[in-house]
Chemist: 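Sharing a structure here in structure tokens format.
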Amino acid sequence: MDKRTTAAAVVSELRDGMTLGIGGWGSRRKPMALVREILRSPVRDLTVVSYGGPDVGLLCAAGKVRKLVYGFVSLDSIPLEPHFRKAREAGAFEAAELDEGMLQWGLYAAALRLPFLPTRAGLGSSVMDVNPALRTVRSPYADGEELVAMPALPLDVAIVHMNRADARGNGQFLGPDPYFDDLYCMAAKRRFLSCEQIVDTREFAKFGSVHTLKINRTMVDGVVETPNGAHFTECPPDYGRDEAFQREYAATAKSADAWAEFRARFLDVESEAAYQEAVRAWRGTK
Amino acid sequence: MADAFRGDGEILVSCFGTVPAIGARLARLTFAPDLLLTDGIAHLLADVQPVSGKPSGDPVIEGWLPFRAVFDLLWSGRRHVVMMASQIDRFGNHNFACIGPHARPKAQLLGMRGAPGNTVSHPTSYWVPAHTAKVFVEQVDVVSGVGYDRAAKLGAGARFHEIRRVVSNLGVFDFATDDRTMRLASLHPGVTLDDVRAATSFPLATDADVATTREPTAEELRLIRDVLDPERLRDREVPS
């Protein structure tokens, strides 16, 4: 089956109030082209599940987030995502904050269609207070240990970004870390993969070992080719993080005017191609 | 700081902050050769890389540790983490998540990150480069890392909980007291007990005769200055 599609077609499946999972980690291999397409759409009131980076910051700044499920939101080289920080301090969304490992467990439980998975992570911390729906469970065995029952985090839609994919939805990561992208896909009803390049299935072996084929086609409904589509996050070995552009983006959290200007120049543009062109033009002025 | 890892054996050390990163590398180069160190990306490094200046050749990778494997490893307990603290109380409850109420923080900080899971899974130490009464507080606003009073209520769930030590620019602290409240273990050379008390919002347990933190040996100084941090990145954390 040929699953090639477009960013616009992917985002047309989103409805107000849906739960959206976003792959990657911090400012690393984020499906930014699809995030930018969401920013250009009217969709709102999203519940976003993410190991957060600028994906979360941008969606917060654009007022798209009703609830955020997360363990952190960071730009890596800038430890705290400034747009996320601003939205948090304004009380702009419901903050379902978890331990990082609990987030993985929730996605994994949803992927395996289990109601919850047990863990010690969270016990004794404020995570239990700020998420009053969290429950503990007692081991039915002789130890009788009480553990957090991390509930499944089922997603309506998952979006992830890969280095390579084929038209049928097999995905290949070529960087050092697969992150949790396979779990996002397995936890979601509709799963969309953007990639740097769509290649013939036979070509995967040329780019990396079999271990890099972490996403198989049972996990994917649509594939979008978006060259430089993780920009400005890193997507090694294809490209590193655009630190200069990230700094420019981060600085726009300081004033409404700066954000409006950034938005007009880079986000409220016609298409991903127009974004990439605007970034090229910006780089030419530096 | 390096002394925090004495006797840790063959476990992963994860450090946040420059001084802990130097400490772990120093321990690895001297008295704790079996420690595992990462490059902060997804690799275990067989050699010891400096925190500043030129890398010592191409790093030798001895293992693959993507984030998923980090969670597995830390839940298995073979790890000692050093985190920085925005607030810490007398029982070692730790906060770097946010200042003010969680629902509407005055200042959003790092968030929970892995602190809840770390602190109930394996030894944890804390590093505070600027010891003040705003950091050493009566009560933390949000608990990201679990302290001894909260751990005591968890029963078996806390059997892997251990706060090894708290190191600040003024002294070294532990919880070697009957009620597991913070104790001044040693004062850094030149620091007085009054200095520490003035910069701490809660009553601190102290021994009648407070020890002085040991000075680095000549060889340790050489490793810090010439090998591990030739560009003095540490001065940005604690001005000398």
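Chain naming here is simple, since letters A, B, ... match the order of the sequence lines and numbering starts at 1 in each.
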Chemist: Looking only at heavy atoms and a cut-off of under 4.5 Å, which of B:R113, B:H43, B:K106, B:R150 has the most pairs with chain A?
Modeler: B:R113
Chemist: Under 4.5 Å heavy-atom distance to chain A, tell me which part of B:H161 shows up: side chain, backbone, both or neither.
Modeler: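 The answer is neither part of B:H161.
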Chemist: Measuring heavy-atom distances to chain A, does B:A107 have an atom under 4.5 Å in its side chain, in its backbone, in both, or in neither?
Modeler: both
Chemist: Please look at A:E89 and chain B and tell me whether the side chain, the backbone, both or neither of the residue comes under 4.5 angstrom of a heavy atom of that chain.
Modeler: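 For A:E89, heavy atoms of backbone and side chain both lie under 4.5 Å from chain B.
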Chemist: Heavy-atom distances under 4.5 Å only: say whether A:D143 touches chain B with side chain, backbone, both or neither.
Modeler: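 No part of A:D143 comes within 4.5 Å of chain B.
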Chemist: Search all heavy atoms of B:G117 against all heavy atoms of A:D99 and return the closest pair with its distance.
Modeler: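 Scanning both residues completely, I find the closest heavy atoms to be N-OD2, 2.9 Å.
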Chemist: For a quick test of reading the model, state the closest non-hydrogen atom pair linking A:G124 to B:L154 and the distance between them.
Modeler: N-CD2, 3.8 Å
Chemist: Considering all heavy atoms of both residues, which atom of A:F180 and which atom of B:R68 are nearest to each other, and what is their separation?
Modeler: CA-NH2, 3.5 Å
Chemist: Kindly compute the distance separating CG (B:L74) from CD (A:E100), expressed to the nearest 0.5 Å.
Modeler: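 B:L74 atom CG to A:E100 atom CD measures 9.0 Å (nearest 0.5 Å).
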Chemist: What is the distance from atom OG of A:S74 to atom CG of B:L110, rounded to the nearest 0.5 Å?
Modeler: 7.5 Å
Chemist: Relative to chain A, which of B:S144, B:A42, B:P105 shows the most heavy atom pairs under 4.5 Å?
Modeler: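 Option with the top pair count is B:P105.
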Chemist: For the residue pair B:Q108 / A:R88, report whether a side-chain donor-acceptor contact shorter than 3.5 Å exists.
Modeler: yes
Chemist: So do A:R120 and B:R159 actually touch side chain to side chain, heavy atoms under 4.5 Å?
Modeler: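 Yes; the side chains approach each other to less than 4.5 Å.
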Chemist: Which one, A:P178, A:S126, A:G175, leads in non-hydrogen pairs under 4.5 Å with chain B?
Modeler: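 Top count of heavy-atom pairs under 4.5 Å with chain B: A:S126.
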Chemist: Under 6.0 Å between ring centres: does that hold for B:F71 and A:Y108?
Modeler: no
Chemist: With a 4.5 Å limit on heavy-atom distance, are the side chains of B:P116 and A:L123 in contact?
Modeler: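 Not in contact.
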Chemist: Which heavy-atom pair separates B:I41 from A:P176 by the least distance, and what is that distance?
Modeler: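 Closest heavy-atom pair between B:I41 and A:P176: CG2-CG, 3.8 Å.
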Chemist: Pairs of donor and acceptor atoms involving the side chains of residues 90-97 of chain A, under 3.5 Å and at least two apart or interchain, shall be tabulated with distances.
Modeler:
| unit_1 | atom_1 | unit_2 | atom_2 | d |
| --- | --- | --- | --- | --- |
| A:E97 | OE1 | A:Y70 | OH | 3.0 |
| A:E97 | OE1 | B:H102 | NE2 | 2.7 |
| A:E97 | OE2 | B:M112 | N | 2.5 |

Chemist: Check whether A:T119 gets within reach of chain B through its side chain, its backbone, both or neither, counting any heavy atom under 4.5 Å.
Modeler: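 Contact with chain B: side chain only.
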Chemist: Considering only heavy atoms, which portion of B:A69 lies under 4.5 Å from any heavy atom of chain A: side chain, backbone, both, or neither?
Modeler: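 For B:A69, no heavy atom lies under 4.5 Å from chain A.
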Chemist: Which residue pairs pass the side chain to side chain donor-acceptor pair (under 3.5 Å) test with at least one member in residues 46-64 of chain B, sequence neighbours excluded?
Modeler: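 As it turns out, the side chain to side chain donor-acceptor pair (under 3.5 Å) pairs with a partner in residues 46-64 of chain B, which skip direct neighbours, are B:D47-B:Q49, B:S52-B:D229.
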Chemist: So do B:F67 and A:D177 actually touch side chain to side chain, heavy atoms under 4.5 Å?
Modeler: yes
Chemist: A:W105 vs B:W75 aromatic rings, parallel, tilted or perpendicular, using cut-offs 30° and 60°?
Modeler: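 Taking B:W75 first and then A:W105, their aromatic rings stand perpendicular (interplane angle over 60°).
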Chemist: Is the number of heavy atoms from other residues, nucleotides or ligands within 6.0 Å of CZ (B:R78) greater than 12?
Modeler: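 Not buried by this count: 12 neighbours or fewer within 6.0 Å.
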Chemist: With a 4.5 angstrom heavy-atom cut-off, which part of A:L98 approaches chain B: side chain, backbone, both or neither?
Modeler: backbone
